[in-house]
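Read the structure below first, then the notes.
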Amino acid sequence: MQPHLSNLKPESWLVAAGRSADPGAPLNVPPILASNFIIGQDRAYARNDATPTWEALEEVIGGLEAGRAVAFASGMAAIAAVFDQLPAGALVALPDDCYQGVVGLAMAGAARGRWAVRRIALTDTAGWQQACAEADLIWLESPSNPLLIVADLAAICAAPRKPGAIVAVDNTFATPLNQQPLAFGATVAVQSATKFIGGHSDLLAGVVTTRDEQIWRQLRHSRELNGATPGALEAFLALRGARTLALRLERAQRNALELAHRLAQHPMVTCVRYPGLPSHPTYETARRVLKGFGTMISFDLLGDASVADAVCRNVRLIRHATSLGGVESTMERRAAIPGQEHLPPTLLRLSVGIEDVDDLWQDLVSAMQAAAG
Ligand SMILES: *Cc1c(COP(=O)(O)O)cnc(C)c1O
């Protein structure tokens, strides 16, 4: 890292870091399409020794939290590398509301007898503090998918831990700009860079960040042994996306707050789940631990699943698609996803993009009108 960058604000760091200082070098580290390097320096094989393209992304994302990062092939590859740290017979604490891929990974490991899983409500701060003393992996996701519950990470990360325990936070929905788990004392923070870091729905990548040198080395080793390496183009695109993260987030969460307020007034909407609304059950916690309320809104509709499906079919500007964190707004009915049938049947999860807020609102109102028939 270039030393003069070290006290920049995150918005400037995102733009300035991860570049070469050498005269004549490309301003952007290009996608380096190489599996192997000519022997003689510290890089021989990409899976073991990384590439400058991955390292540029890692420098930028790691530096946002004053930590070091390891980039992976996807968010799930990053998460699997954290689970890979567990000793046999470990105890894993998992949120009640949690990304379905992580639940699947945790349950598959439990079914094979690798570890046991204890589910804890994200609002149960005392339960999580107790888990810190008893579990080997305290897996938090906040704000959570899709109910957008905000955990009191400051209080949980400060609790005494079982020796060697890892406190991990899936920070995908907040991004390091809205929430800094490592500053609270978490061991690792995880990003699905597929979402806000990439920001354009055109790649899969994941990043783990830590301030623990030994954990960092172990994560690198895990990536090497499991081969969960990012693609050259994906790492390049993720960093290109990260350059504009602050701008995109600022605009999209301004849109989201406005849409959340308007949705709360709409006669077809029975519940709006947005951490920035005072009606949200964890609004007070969100105000303390988040710098911004984010771009995700989940809302429930009057009527049944067919009405919610009809709204998804009738949006035009908003696209009916899964995933989140892109410049384009996307929406889906979450209970329609296999394994998510426990969710409210009309819950729509909206990832708010950077479009004009009135255009987005008009699209939502028209689609709800059409669905009401
Ligand atoms: C998408 C997502 C993941 C998984 O990331 P992939 O890049 O799809 O592997 C994990 N956690 C959360 C909260 C996510 O939204």
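Remember, it's 1-based here, ligands and their atoms both numbered in the order they're listed.
If you check the side chains of Thr172 and Asp170, you find a donor sitting under 3.5 Å from an acceptor. Donor-acceptor pairing under 3.5 Å is recorded for the side chains of Asp84 and Asn226. In the model, Glu355 has a side-chain atom that pairs as donor or acceptor with a side-chain atom of Ser329 under 3.5 Å.
Taking Asp363 as the reference, nothing meets the salt bridge (Lys or Arg N to Asp or Glu O under 4.0 Å) condition, with sequence neighbours excluded. Residues passing the side chain to side chain contact (heavy atoms under 4.5 Å, CB included) test with Arg313 are Asp309, Ala310, sequence neighbours excluded.
Residues of the protein with a heavy atom under 4.0 Å from ligand 1 are Ser74, Gly75, Met76, Ile79, Tyr99, Glu141, Asp170, Thr172, Phe173, Ser192, Thr194, Lys195, Ala205, Leu324, listed by chain and number.
Note on residues 89-143: pairs passing ring-ring contact (aromatic ring centres under 6.0 Å, His included), not counting sequence neighbours, are Phe83-Trp115, Phe83-Trp139.
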